[in-house]
Trainee: 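Below is the structure I would like to discuss, written out as structure tokens.
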Protein chains: 2
Amino acid sequence: MESVFEIIAEPNRRAILSLLVLSQQSVGEIERQLRLPQPTVSKHLRVLREAGFVESTVDAQRRLYRLKPEPLREVAAWLAPFRRFWSAHVDALERHLDRMDQSTPTKKKTRRR
Amino acid sequence: MESVFEIIAEPNRRAILSLLVLSQQSVGEIERQLRLPQPTVSKHLRVLREAGFVESTVDAQRRLYRLKPEPLREVAAWLAPFRRFWSAHVDALERHLDRMDQSTPTKKKTRRR
DNA sequence: CCTGTATATACCTTGACGCGTATATGCTCT
DNA sequence: AGAGCATATACGCGTCAAGGTATATACAGG
């Protein structure tokens, strides 16, 4: 389990991360919200913790898990070079649609929902 | 192979995508730049094509592959909610460093590369 | 202390994915 | 038409990760 991309390839792990973006959660809370068996949650949390996506603090018997930013930032960093590319595509699409607007002005109302 | 995240979990596929962000490439060119056996490249390209990451046009015997924006945009969309979170963390880090600057003003030159 | 609750870990099985090798398809040029 | 190049596909294999079930650890409260 090397790269951050393999970590977030797992749907349940992404779900856990999305839960934690709201606030920190205990294992039991995650378990109930995602309707997953407890060992499954614990195992995914272990993977996430060892990869640096989350950290935990102890609260009596509970463990509270919260997000750590670095690994997701790594994903964003890899993604960054593509942003230029696809924003260019948006522009091209918009120009195309604008040209369509000019040639078929009757359909204008359907644009810009 | 359902989600876009599983697609980009594979290192060679990420490498191919990163190559294609520069310009469109033929299979052979990808093969040589990444030093991968040809069937490997073709198979990864198939996966990428079926997932909508790339498209190809025919140029005699060659096929030229180029990026398509949508799937990577999907990744960015999933990532977006976390941006708020980690930028808050950056701010905290910056405030911390600023405080360090004040206490040790001699090292100021090393910040703000 | 003992019971109940919360979380972690161990073991096993299964399925999927990536790779290598071999072969097929298709195009070009002479 | 035939040779050579470019790309795609088929098949068998090894590996690894996810899930399920069972069990271990640890804390709390009567």
Side-chain angles (χ1 to χ4, degrees), chain A residues 1-20 23-68 71 74-75 78, chain B residues 1-20 22-68 71 75 78:
Chain A
M1 190 81 51
E2 331 167 323
S3 81
V4 295
F5 296 92
E6 299 174 34
I7 308 283
I8 64 172
E10 221 292 323
N12 291 324
R13 282 198 287 266
R14 287 200 304 281
I16 292 176
L17 292 174
S18 294
L19 268 188
L20 292 181
S23 71
Q24 60 176 7
Q25 310 263 344
S26 73
V27 178
E29 288 168 333
I30 298 172
E31 182 189 338
R32 283 185 288 277
Q33 297 182 63
L34 300 184
R35 311 260 176 120
L36 291 175
Q38 178 266 319
T40 298
V41 175
S42 278
K43 276 187 278 187
H44 285 310
L45 281 172
R46 178 147 133 98
V47 173
L48 290 171
R49 184 177 357 112
E50 289 178 346
F53 282 82
V54 301
E55 63 185 358
S56 71
T57 54
V58 184
D59 168 48
Q61 319 110 343
R62 323 205 150 175
R63 319 255 161 130
L64 298 180
Y65 281 85
R66 80 189 57 75
L67 278 184
K68 291 185 69 179
E74 204 175 311
V75 176
W78 180 81
Chain B
M1 189 83 51
E2 331 166 326
S3 81
V4 296
F5 297 91
E6 299 173 33
I7 307 284
I8 63 171
E10 220 292 322
N12 291 325
R13 283 196 287 266
R14 287 201 304 282
I16 291 176
L17 292 175
S18 294
L19 267 190
L20 292 181
L22 303 173
S23 72
Q24 60 176 7
Q25 310 262 345
S26 73
V27 179
E29 288 168 333
I30 298 172
E31 183 190 337
R32 283 185 288 276
Q33 297 182 62
L34 300 184
R35 311 259 174 121
L36 292 175
Q38 178 266 320
T40 299
V41 175
S42 279
K43 277 186 277 188
H44 284 310
L45 282 172
R46 179 147 134 93
V47 173
L48 289 170
R49 182 175 1 111
E50 291 179 346
F53 281 83
V54 301
E55 64 185 357
S56 69
T57 54
V58 184
D59 168 48
Q61 320 111 342
R62 322 207 152 174
R63 320 253 160 132
L64 297 179
Y65 281 85
R66 81 189 58 78
L67 278 185
K68 291 185 70 179
V75 177
W78 179 81

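Please read these numbers as outputs of a predicted model, since none were measured by experiment.
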Trainee: Between B:F53 and B:V47, is any pair of side-chain heavy atoms under 4.5 Å apart?
Mentor: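 No - every pair of side-chain heavy atoms lies 4.5 Å or more apart.
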
Trainee: Whole angstrom is fine here: how far is it from CG in B:L48 over to C1' in D:dA8?
Mentor: 15 Å

Trainee: Heavy atoms within less than 4.0 Å of DNA chain D: which residues of residues 3-13 of chain A have one? Give them sorted by number.
Mentor: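 Contacts with DNA chain D under 4.0 Å: A:E10, A:N12, A:R13.
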
Trainee: Between atom CZ in A:R32 and atom P in C:dT5, what is the gap in whole Å?
Mentor: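 The distance from CZ of A:R32 to P of C:dT5 comes to 12 Å, rounded to the nearest Å.
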
Trainee: What pairs with A:L19 under side-chain contact (heavy atoms from CB on, under 4.5 Å), at least two apart in sequence or on another chain?
Mentor: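 side-chain contact (heavy atoms from CB on, under 4.5 Å) check on A:L19 returns A:I30, A:Q33, A:L34.
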
Trainee: What integer distance in Å separates B:E29:CD from D:dC5:C1'?
Mentor: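 Answer to the nearest Å: 15 Å.
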
Trainee: Is the shortest side-chain N/O distance from B:H44 to OP1 or OP2 of C:dC19 below 4.0 Å?
Mentor: yes

Trainee: Kindly say if B:Y65 contacts the phosphate of D:dA8, meaning a side-chain N or O under 4.0 Å from OP1 or OP2.
Mentor: yes

Trainee: Indicate yes or no: at least one non-hydrogen side-chain atom of A:P11 is less than 4.5 angstrom from one of B:F5.
Mentor: no

Trainee: Considering residues at least two apart in sequence or located in another chain, which fulfil the side-chain hydrogen bond (donor to acceptor under 3.5 Å, both in side chains) criterion with A:E55?
Mentor: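 Here no residue qualifies.
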
Trainee: Taking only residues two or more places apart in sequence, or in another chain, which ones meet A:S3 in a side-chain hydrogen bond (donor to acceptor under 3.5 Å, both in side chains)?
Mentor: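 So A:S3 forms no side-chain hydrogen bond (donor to acceptor under 3.5 Å, both in side chains) with any residue.
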
Trainee: Given atom CD of B:E50 and atom P of C:dC17, what is their separation to the nearest angstrom?
Mentor: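 In whole Å, C:dC17 P and B:E50 CD are 12 Å from each other.
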
Trainee: Show every salt bridge (Lys or Arg N to Asp or Glu O under 4.0 Å) that has at least one partner inside residues 4-14 of chain B, sequence neighbours left out.
Mentor: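 Every pair satisfying salt bridge (Lys or Arg N to Asp or Glu O under 4.0 Å) with a residue in residues 4-14 of chain B: there are none.
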
Trainee: Taking atom P of D:dT15 as reference, at what distance in whole Å does atom CD of A:E2 sit?
Mentor: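 Answer to the nearest Å: 15 Å.
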
Trainee: Has A:R46 got a side-chain N or O lying under 4.0 Å from the OP1 or OP2 atom of C:dT9?
Mentor: yes

Trainee: Give every pair of a protein N or O atom and an N or O atom of nucleotides 20-27 of chain D that lie under 3.5 Å apart, one pair per line with the distance.
Mentor:
unit_1: D:dG20; atom_1: O6; unit_2: A:K43; atom_2: NZ; d: 2.6

Trainee: Let me know the distance between CG of B:D59 and P of C:dG26, rounded to the nearest Å.
Mentor: 18 Å

Trainee: Would you kindly give the CZ-to-C1' distance between B:R49 and D:dA8, to the nearest whole Å?
Mentor: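 My rounded result for the distance is 9 Å.
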
Trainee: Between B:M1 (CE) and D:dA18 (P), how many Å, whole number?
Mentor: 14 Å

Trainee: Under the side-chain hydrogen bond (donor to acceptor under 3.5 Å, both in side chains) rule, collect the residues that match up with A:E74, sequence neighbours excluded.
Mentor: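 So A:E74 forms no side-chain hydrogen bond (donor to acceptor under 3.5 Å, both in side chains) with any residue.
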
Trainee: Under 3.5 Å, sequence neighbours excluded: what are the donor-acceptor pairs made by side chains of residues 58-65 of chain A?
Mentor:
unit_1: A:Y65; atom_1: OH; unit_2: A:R49; atom_2: NH2; d: 3.3

Trainee: Listing request: all salt bridge (Lys or Arg N to Asp or Glu O under 4.0 Å) pairs with a residue in residues 27-43 of chain A, at least two apart in sequence or in separate chains.
Mentor: none

